[in-house]
Amino acid sequence: MKKALKIGALALAAAFVVLQFFQIDRTNPPVNAVEMLEAAVEVPPDIKIILGRSCNDCHSNTTIYPWYASVQPSAWYVKDHIDDGRRHLNFSVFNTYPLAKKQKKLSEMCEQVRSAEMPLPSYLWIHGDAKMQPGEAEAVCDWTNAAIAALANAPAAE
Ligand code: HEC
């Protein structure tokens with residue numbers, strides 16, 4: 001019995017070591033200033049701080065990879081969230097979205113923070129500082145509402 005446990009533990013340790021050979025691609029795609037969120041709508045400093053702190057790692061091409069993105073199997077989990085997050089909403093290419101999509105994404109941002117679905121709860125286990133503070137969800141919603149209206153009133157730029 002004792003021997004079986006030892007062999008089991010060794011096998012697990014070996015599997016963990018082998019897994020480390022599978023690293024994720026941690027290079028960020030390039031960023032072009034004219035494609036960014038800031039090029040599409042005005043982003044006041046307080047909102048920029050919230051988005052940068054709580055959303056940027058999964059919703060932009062300027063991800064700062066945490067240490068556990070270098071360790072398997074958690075790196076795959078991280079990579080999955082970043083790929084999926086960028087696919088749904090990417091601040092770095094926001095200005096390439098058609099008008100209707102821009103407005104829809106802004107309105108979803110408000111919904112997601114108001115319902116506390118974003119930032120993803122699992123992200124907050126380690127990034128405690130990314131937690132939304134009282135009043136911040138409302139600040140984001142005030143901003144998204146204003147930005148949606150500004151986009152609607154802007155002379156067609158596309
Ligand atoms: C740890 C990664 C992560 C963080 C941090 C994060 N998101 Fe997300 N977000 C995702 C993923 C993954 C999805 C797609 C799957 C889903 O909807 O759960 C997503 C989806 C979204 C969507 C699209 C919903 C839809 O229906 O298409 C919006 C809007 C969004 N996030 C806003 C935010 C905002 C705003 C923040 C910051 C306050 C934030 N997210 C922080 C990972 C993240």
Side-chain angles (χ1 to χ4, degrees), residues 16 19-154 156-158:
F16 182 78
L19 272 186
Q20 305 318 310
F21 289 102
F22 298 88
Q23 288 293 318
I24 59 164
D25 181 3
R26 272 170 283 148
T27 46
N28 280 323
V31 176
N32 186 344
V34 299
E35 295 181 352
M36 285 166 52
L37 174 69
E38 289 83 348
V41 292
E42 207 191 315
V43 188
D46 57 326
I47 301 299
K48 220 175 246 185
I49 289 171
I50 298 171
L51 301 183
R53 181 203 66 202
S54 299
C55 323
N56 213 59
D57 280 347
C58 303
H59 290 295
S60 80
N61 291 343
T62 51
T63 304
I64 297 170
Y65 288 82
W67 61 266
Y68 53 92
S70 303
V71 183
Q72 294 294 9
S74 59
W76 279 316
Y77 182 77
V78 170
K79 175 88 179 135
D80 215 49
H81 278 162
I82 295 171
D83 287 350
D84 202 22
R86 282 179 181 159
R87 213 174 307 123
H88 280 81
L89 166 68
N90 187 337
F91 300 150
S92 301
V93 298
F94 188 91
N95 204 24
T96 65
Y97 299 162
L99 175 64
K101 182 169 172 181
K102 284 184 182 124
Q103 291 175 313
K104 180 155 178 276
K105 291 297 162 185
L106 284 163
S107 121
E108 283 174 2
M109 283 169 72
C110 164
E111 277 167 36
Q112 296 285 327
V113 292
R114 206 176 247 166
S115 61
E117 283 172 71
M118 290 287 151
L120 278 190
S122 61
Y123 180 73
L124 300 176
W125 298 340
I126 288 175
H127 297 89
D129 59 319
K131 193 168 178 293
M132 298 293 280
Q133 299 302 314
E136 286 186 345
E138 285 320 304
V140 168
C141 288
D142 287 348
W143 166 68
T144 56
N145 287 335
I148 290 167
L151 281 170
N153 294 329
E158 298 175 69

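Ligands are counted one by one from 1 in listed order, and the atoms in each one are counted from 1 as well.
The protein atom (non-hydrogen) at minimum distance from atom 25 (C) of ligand 1 is E108 OE1, 3.4 Å. Ranking protein heavy atoms by distance to atom 15 (C) of ligand 1, first place goes to D84 OD2, 3.5 Å.
Numbered from 1 in the order shown, with element, the atoms of ligand 1 that lie under 4.0 Å from a heavy atom of V113 read 35 (C), 38 (C). Atoms of ligand 1 found under 4.0 Å from any heavy atom of K105 (numbered from 1 in listed order, with element): 27 (O). Residue H81 has at least one heavy-atom neighbour below 4.0 Å for each of these atoms of ligand 1: 12 (C).
For D57 (side chain) and I64 (main-chain N/O), a donor-acceptor pair under 3.5 Å exists by modelled atom type. Remark: the backbone N or O of F22 is paired with a side-chain donor or acceptor of Q72 at under 3.5 angstrom. For Y123 (side chain) and M118 (main-chain N/O), no donor-acceptor pair under 3.5 Å exists by modelled atom type. Judged purely by atom type and a 3.5 angstrom limit, Q112 has no side-chain atom pairing as donor or acceptor with the backbone of P119.
Counting only protein N, O or S atoms, 2 lie closer than 2.8 Å to atom 8 (Fe) of ligand 1.
Residue pairs that meet the disulfide bond (SG atoms under 2.5 Å apart) test with at least one member in residues 73-111, sequence neighbours left out, are C110-C141.
Salt-bridge check for E108 with K105: passed, with a basic side-chain N closer than 4.0 Å to an acidic carboxylate O.
With sequence neighbours left out, the disulfide bond (SG atoms under 2.5 Å apart) criterion links C58 to no other residue.
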Point to revise | Residues K131, R53; criterion side chain to side chain contact (heavy atoms under 4.5 Å, CB included); working and verdict | key: CA-CA 9 Å; K131 193 168 178 293; R53 181 203 66 202; over 6 Å; no
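Scanning A130, S122, S54 for the heavy atom closest to atom 41 (C) of ligand 1 points to S54.
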Please tabulate, for side-chain N and O atoms in residues 28-46, each donor-acceptor pair with protein atoms closer than 3.5 Å (sequence neighbours left out).
residue : atom : partner : partner atom : Å
N28     : OD1  : R86     : NH2          : 2.9
N28     : ND2  : T63     : O            : 2.9
N32     : OD1  : V34     : N            : 3.4

